[in-house]
Structure formats: C-alpha cells, structure tokens
Participant: 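Handing you this structure, nothing more for now.
Counting convention: from 1, in listed order, for ligands and their atoms alike. Below, all heavy atoms of this structure are taken into account, side chains as well, without hydrogens, waters or symmetry copies.
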Amino acid sequence: MRTQVGIIGSGPSGLLLARLLQLQGIDTVIVESRSREYVAGRIRAGVIEQGMADLLREARAGERMDREGLIHEGINIAFDGRLERIDFPKHTNGKVVMVYGQTEITHDLMKAHIDEAGGIVYYEASAVRVDDYDTKSPRIIYERNGQQKELVCDFVAGCDGFHGVARRSIPNNKITTFERTYPFGWLGILSDVPPVKDELIYANHERGFALCSMRSHTRSRYYVQCEIDDKVENWTDDAFWEELCRRLPPDAAENVTTGPRLEMSITPLHSFVAEPMRFGRLFLAGDAAHIVPPTGAKGLNLAASDIYYLSRALLAYYKDKRSSPVDKRSTPQSGSVDKRTDLLDRYSETALRRVWKAIRFSWWYTSLLHKFDDDPLSRRLQISELDYLTSSDAGRTMIAENYVGLPYEKFE
Ligand code: APR
Ligand code: PHB
C-alpha cells in the first residue's frame, strides 16, 4: 500500500492533520491501534485556544463547536478564602477560550474526515515501527488481523501519543528527552450536574489543588489533587464532593451541586519533551513529542499548533506555487535553500519554540497551585505570589496571555 502522508494515530493530532491535508487534495492513510469506538469514547480535557478553534474551522470541522461550545472570557483563581477573576479580553486585546470537550472534537473530525469525505483510517491496526525514515520512501510496518503489512509513504507523521512507536523508532543517540514527574495526581469526576460557576475555578488550598470545570451547562468536570498512588476504589462519590468543597471558598462550596459519577479516573502529572521533532521524513506531533501537566489546559492545544506548522510545511512541499523542483535562494548563513522543503526543515525548531513556552507555563502554573510539601514557608510563598499576580495588571496579563494561548509564528 502506498500513500503520500502516512499517519500513525487517530487522536486529535492525526485526525486534524489528515483532514487539513485532505482538503488540499493530499492523500493520507491513518493507522490506529484501537477501534473507532474506543478512540471516540476517550474522556479528555476540553479548553480550546483561539488558534485551535480557528484550525478546526479551517478543517471545516468547527461548526458544532461554534454552535455548542461555551465561550469563556475568564478564569477564577481561589486561594486563602478569596476568588480572583482573570479577565481575558481585558488583558489580551479581546482574546477568549472555548470550552468544548476533546471527545466532541474527535467526533467532529471523524465525521468530517471519514464519514463525509471518505478519509482512510485503518482501525485496530497497530504500527510496530517506522523504517527507512531517512530515505525518500519511509515505511510504516503495522499489524492488522494478525498479519504484518507495510505502508510506503513520502512522509510519516508520528501522532501516536506518548506511548506510541514513532518516537521509539528513533535511536537514543539521535533524540534528546527532557522529563519531570510530579509527586501527585488528579482525581477527576464527570457528572451530569450544573457547574458551580459559569467559568473555571482553579483552587490553591492547604489540602491540595482543586479544579471546577465543565463540558456544558448540565455536565461538570471536577478534579482534586490526590496522592500519586491513590486508587479510584478508595473514593465514594460523597467523599469526592466533600473533599472538593473543603478546598473551595465557602461561597463557591455552597453552590456545588453534587451527583453520581458518570466517570471517575486518576491522571498522573508529567512534563516531557523530545527533541528534535523531525528525523528525515518522520515528523512527530502532539503527545508523541511532548506532554504537559493538565493544569494549564495546553495538551490538546499544543497538538494543534504542531499540526498547524506541519500541515503548512507539507502543503508547501506538495502544493504551493513552490512546486518548481528547485528554486534556489541564497541565504548568508546556509547558502542555497530548497524552497520546497524549507518549511519542513524549519518545522521542528518552530514547533519546539511554542512547545517550550507551554511546558514552562504548565510547570509554573502547576507549581503555583499544588501542594508539594507541608512546609509552611512554601505555602506562604504560594499565597503571596497569588496575591501579587491577581492584584497587578502585569500578573493578570501574564496568566491571561499564556492561558488563552501564545500566538502561532508566521510560517511561510
Ligand atoms: N499504532 C497505531 N496507533 C497507535 C499506536 C501504534 N503503535 N500507539 C498509539 N496509537 C494511537 C492511540 O491509540 C491514540 O488513538 O495513537 C493515538 C494518539 O492519540 P493521543 O494520545 O490523543 O495523542 P494526540 O493526538 O497527540 O493528542 C494529544 O490528546 O491525550 C490528549 O492530553 C492530550 O490533549 C492531548 C491530546
Ligand atoms: C477539563 O475540563 O477537563 C480541564 C479544564 C482545564 C484544565 C484541565 C482540564 O486545566
């Protein structure tokens, strides 16, 4: 089997890339190890930056998001019995975020790419490795129905998440990784109850972090910081709601509507970056190249910015008036540049510049809001930093501009 761009993984990265290339007449085949139902059913986060929302609209998969998504113009930070609001439009020249579940985004992309436009996705087909990525015909070796097969491509996009094979196909001496794990997790509940507030609440509390989020006006998502080795079985619904309310300011706590869990799970917190994000004709994107703790709501949005850059680079190779084989342009530092591939050549450094800023914000925001130890000085430092940040325009602007999403670089 042969295609132009072979994609491993049909999560948000793989589907969004395939859809954007499909709209430009570039062939793709996605190889996905799980079933369509399993991928569609995964519960994940749901805060979307302007950049990702625009990319979903460009992919003609944003119509339901614009109809059902919730525009949020701010977040609230709770600490020391206070609730301080960060006004996004005021501190970012009008920018906002959209609350719309990743599960819904996956549905919309599957409908647009597969059901309506016949995009090819091999489900229950596990890629085992990527061969020949340093040649003009990289191959995805995959297993399906007990048979080993290969997909020959011009390019391979590794959109197979943190545990995927794309990154593992690269020899250790060719890749550098950066990692930090956090000594706690997030216990999350999804419940069909109205959210406590019409905007998210991020709470710093001496008992640990808490987050009040939502999927709609009738479905809420809450998290409390828990021990790293805690188990869902240790928590009844009542115990969860009691602990959540202990960590919120009294006026918020009394507004919490409790209800039975639809889902409860524990998420570990992790920061990870792999460099570079390109190896010959193999390109990594999304969780395959980087992981952020969920505190800053950056995981999904970073996957989107990678796909913004990668889709443009592949487009420039296949489509743009740059189709003349070689259009020499001399640049002082590196002599001649093949315009067909210069964006492909700049993909990794450009994507990583935005990745590291989101890694930094997510680590910093996690450090500010979570309980790391019982040292009273740590606690006072957090409270005073929160007090400073939420009472100064500079502080509020720093939080707002990082939360709504730093701009994508001009990439053409
Ligand atoms: N072969 C085929 N498919 C694979 C393989 C493999 N060997 N390994 C993993 N996959 C599939 C997974 O089943 C999954 O559907 O790759 C997909 C990777 O999807 P995600 O993990 O969702 O990664 P990504 O698309 O980059 O999206 C990142 O999703 O997990 C959230 O917080 C994360 O928001 C971030 C976003
Ligand atoms: C969520 O709605 O699941 C959510 C929102 C914001 C975060 C993390 C998760 O920072």
Side-chain angles (χ1 to χ4, degrees), residues 6-18 29-36 38-49 52 70 72 75 97-103 105-106 109-110 121-130 140-144 151 156-169 186 188-190 195 199-202 209-216 219-223 263 265 267-270 272 277 284-307 310 358 361-362 365-366 369 403:
I7 300 173
I8 310 176
S10 80
S13 304
L15 280 169
L16 185 54
L17 177 62
V29 170
I30 298 180
V31 172
E32 164 59 54
S33 51
R34 299 287 189 150
S35 68
R36 176 170 174 160
Y38 180 91
V39 173
R42 267 190 304 234
I43 305 271
R44 293 267 175 82
V47 175
I48 302 171
E49 297 173 349
M52 175 160 199
L70 307 172
H72 277 203
I75 52 171
V97 297
M98 174 86 81
V99 171
Y100 185 66
Q102 179 171 327
T103 317
I105 292 172
T106 305
L109 285 168
M110 283 176 170
V121 182
Y122 294 161
Y123 282 104
E124 295 172 79
S126 276
V128 285
R129 68 178 184 279
V130 179
I140 300 173
I141 312 303
Y142 64 96
E143 275 164 11
R144 196 177 194 206
L151 178 64
V156 173
C159 300
D160 49 352
F162 182 71
H163 301 288
V165 297
R167 191 181 69 248
R168 293 174 206 287
S169 299
W186 277 15
I189 193 169
L190 186 70
E199 289 177 340
L200 274 58
I201 303 177
Y202 286 88
F209 169 80
L211 169 60
C212 308
S213 181
M214 65 209 62
R215 292 289 173 272
S216 69
R219 179 169 289 187
S220 298
R221 181 75 163 152
Y222 292 99
Y223 301 93
E263 185 264 4
S265 55
T267 317
L269 275 71
H270 190 196
F272 173 86
M277 289 170 63
L284 302 181
D287 280 16
H290 42 75
I291 299 283
V292 285
T295 327
K298 292 291 170 230
L300 181 59
N301 294 295
L302 271 185
S305 60
D306 289 349
I307 296 307
L310 186 54
F361 174 68
S362 305
Y365 200 44
T366 300
L369 294 172
Y403 197 93

Participant: Contact between N301 and M52 at the side-chain level, heavy atoms closer than 4.5 Å - yes or no?
Facilitator: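 Heavy-atom side-chain distance check passes, below 4.5 Å.
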Participant: Rounded to the nearest 0.5 Å, what separation is found between the OG atom of S169 and the CD1 atom of I141?
Facilitator: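 Between atom OG of S169 and atom CD1 of I141 there are 9.5 Å.
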Participant: Tell me: protein heavy atom nearest atom 3 (O) of ligand 2, and distance?
Facilitator: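 Atom 3 (O) of ligand 2 sits closest to the protein heavy atom Y223 OH, 2.6 Å.
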Participant: Using side-chain heavy atoms (C-beta onward) and a distance below 4.5 Å, is Y123 in contact with S10?
Facilitator: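 In short, these two side chains touch, coming nearer than 4.5 Å.
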Participant: Do me a favour and list the nearest non-hydrogen protein atom to atom 31 (C) of ligand 1 with residue, atom name and distance?
Facilitator: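 Ranked first by proximity to atom 31 (C) of ligand 1 is R44 NH1, 3.2 Å.
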Participant: Under 4.0 Å from a heavy atom of L200: give me the atoms of ligand 2 that qualify, with their elements.
Facilitator: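 Those qualifying, in numeric order: 5 (C), 6 (C).
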Participant: Which of these, S33, C159, G9, has its nearest heavy atom closest to atom 18 (C) of ligand 1?
Facilitator: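 The residue whose heavy atom sits nearest atom 18 (C) of ligand 1 is C159.
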Participant: Could you tell me whether some N/O pair between S126 and ligand 1 is separated by less than 3.5 angstrom?
Facilitator: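 So ligand 1 has no N or O lying under 3.5 Å from an N or O of S126.
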Participant: In terms of residue, atom name and distance, what is the protein heavy atom nearest to atom 8 (C) of ligand 2?
Facilitator: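 Answer, as residue, atom name and distance: P294 O, 3.2 Å.
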Participant: May I ask you to decide if F162's main-chain N or O and R167's side chain share a donor-acceptor pair within less than 3.5 Å?
Facilitator: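 Flag set: sc R167 to bb F162 pair under 3.5 Å.
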Participant: Could you tell me if Y223 and Y202 have a donor-acceptor pair between their side chains, going purely by distance under 3.5 Å?
Facilitator: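 The criterion, which ignores hydrogens and geometry beyond distance, is not satisfied for Y223 and Y202.
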Participant: Under the 6.0 Å and 45° cation-pi test, does K298 pair with Y403?
Facilitator: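 Verdict for Y403: a cation-pi partner in K298.
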Participant: Check this for me: does any side-chain nitrogen of one of E32 and R144 sit under 4.0 Å from a carboxylate oxygen of the other?
Facilitator: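 No salt bridge links E32 with R144.
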Participant: Could you pull out, from D287, I307, N301, the option with a heavy atom nearest to atom 28 (C) of ligand 1?
Facilitator: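 Shortest heavy-atom distance from atom 28 (C) of ligand 1: D287.
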Participant: What residue and atom, counting heavy atoms only, is the protein's closest point to atom 34 (O) of ligand 1, and at what distance?
Facilitator: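 That would be L300 N, 2.9 Å.
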Participant: Can you tell if the side chain of H72 reaches within under 4.5 Å of the side chain of L200, non-hydrogen atoms only?
Facilitator: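 Counting from C-beta outward, H72 and L200 do come under 4.5 Å.
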Participant: Say whether H163 and D287, considering side chains only, have a donor N or O and an acceptor N or O under 3.5 Å apart.
Facilitator: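 Judged by distance alone, the side chains do not pair up.
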Participant: Looking only at non-hydrogen atoms, which of M214, R215, K298 approaches atom 1 (C) of ligand 2 most closely?
Facilitator: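 Heavy atom nearest to atom 1 (C) of ligand 2 belongs to R215.
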Participant: May I ask you to identify the nearest protein heavy atom to atom 13 (O) of ligand 1, giving residue, atom name and distance to one decimal place in Å?
Facilitator: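 Here the closest protein heavy atom is E32 OE2, 2.6 Å.
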Participant: If you measure every N or O of G164 against every N or O of ligand 1, does any of those distances drop under 3.5 Å?
Facilitator: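 No, G164 has no N/O under 3.5 Å of an N/O on ligand 1.
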Participant: Using distance alone, decide if ligand 1 has a nitrogen or oxygen within less than 3.5 Å of any nitrogen or oxygen in S10.
Facilitator: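 N/O-N/O distance under 3.5 Å: no.
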Participant: Are side-chain heavy atoms of L211 and I201 found at a separation under 4.5 Å?
Facilitator: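 No; the side chains remain at least 4.5 Å from each other.
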Participant: At what distance is the nearest protein heavy atom to atom 1 (N) of ligand 1, and which residue and atom is it?
Facilitator: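 Ranked first by proximity to atom 1 (N) of ligand 1 is A127 N, 2.9 Å.
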Participant: Write out the residue and atom name of the closest protein heavy atom to atom 21 (O) of ligand 1, then the distance separating them to 0.1 Å.
Facilitator: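 Answer, as residue, atom name and distance: G161 CA, 3.8 Å.
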Participant: Heavy-atom contact under 4.0 Å between W186 and ligand 2?
Facilitator: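 Within the 4.0 Å threshold, so yes.
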Participant: Kindly assign one of parallel, tilted or perpendicular to the pair Y365 and F361, based on the angle between their ring planes and the thresholds 30° and 60°.
Facilitator: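 Aromatic pair Y365/F361 classed parallel.
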Participant: For ligand 2, which atoms have a heavy atom of V47 less than 4.0 angstrom away?
Facilitator: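 In order of number, 5 (C), 6 (C).
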Participant: To which protein heavy atom is atom 9 (C) of ligand 1 closest, and what is the distance rounded to 0.1 Å?
Facilitator: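 Looking at atom 9 (C) of ligand 1, the protein heavy atom closest to it is D160 O, 3.1 Å.
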Participant: Residue-level breakdown please: for V128 versus ligand 1, do any non-hydrogen atoms fall below 4.0 Å on the side chain, on the backbone, on both, or on neither?
Facilitator: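 None of V128 does.
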Participant: Could you tell me, atom by atom, which parts of ligand 2 come under 4.0 Å of a heavy atom of R221?
Facilitator: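 Matching atoms, with element in brackets: 3 (O).
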Participant: Looking at non-hydrogen atoms alone, which of E124, Q102, K298 comes nearest to atom 29 (O) of ligand 1?
Facilitator: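 It is Q102 whose heavy atom sits nearest to atom 29 (O) of ligand 1.
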Participant: When you compare the side chain of R129 with that of R168, does any pair of heavy atoms fall below 4.5 Å?
Facilitator: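 The answer is no; the side chains never approach within 4.5 Å.
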Participant: What's the shortest distance from atom 6 (C) of ligand 2 to any protein heavy atom, and which residue and atom give it?
Facilitator: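 Ranking protein heavy atoms by distance from atom 6 (C) of ligand 2, first comes Y202 OH, 3.3 Å.
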Participant: One residue to check: V99. Relative to ligand 2, which of side chain, backbone, both or neither has a non-hydrogen atom less than 4.0 Å away?
Facilitator: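 Neither; no heavy atom under 4.0 Å.
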Participant: So which protein heavy atom does atom 2 (O) of ligand 2 come closest to, and at what separation?
Facilitator: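 Closest protein heavy atom to atom 2 (O) of ligand 2: S213 OG, 2.6 Å.
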Participant: Regarding atom 24 (P) of ligand 1: of the candidates S13, G286, G11, which has the closest heavy atom?
Facilitator: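 Minimum heavy-atom distance to atom 24 (P) of ligand 1 goes to S13.
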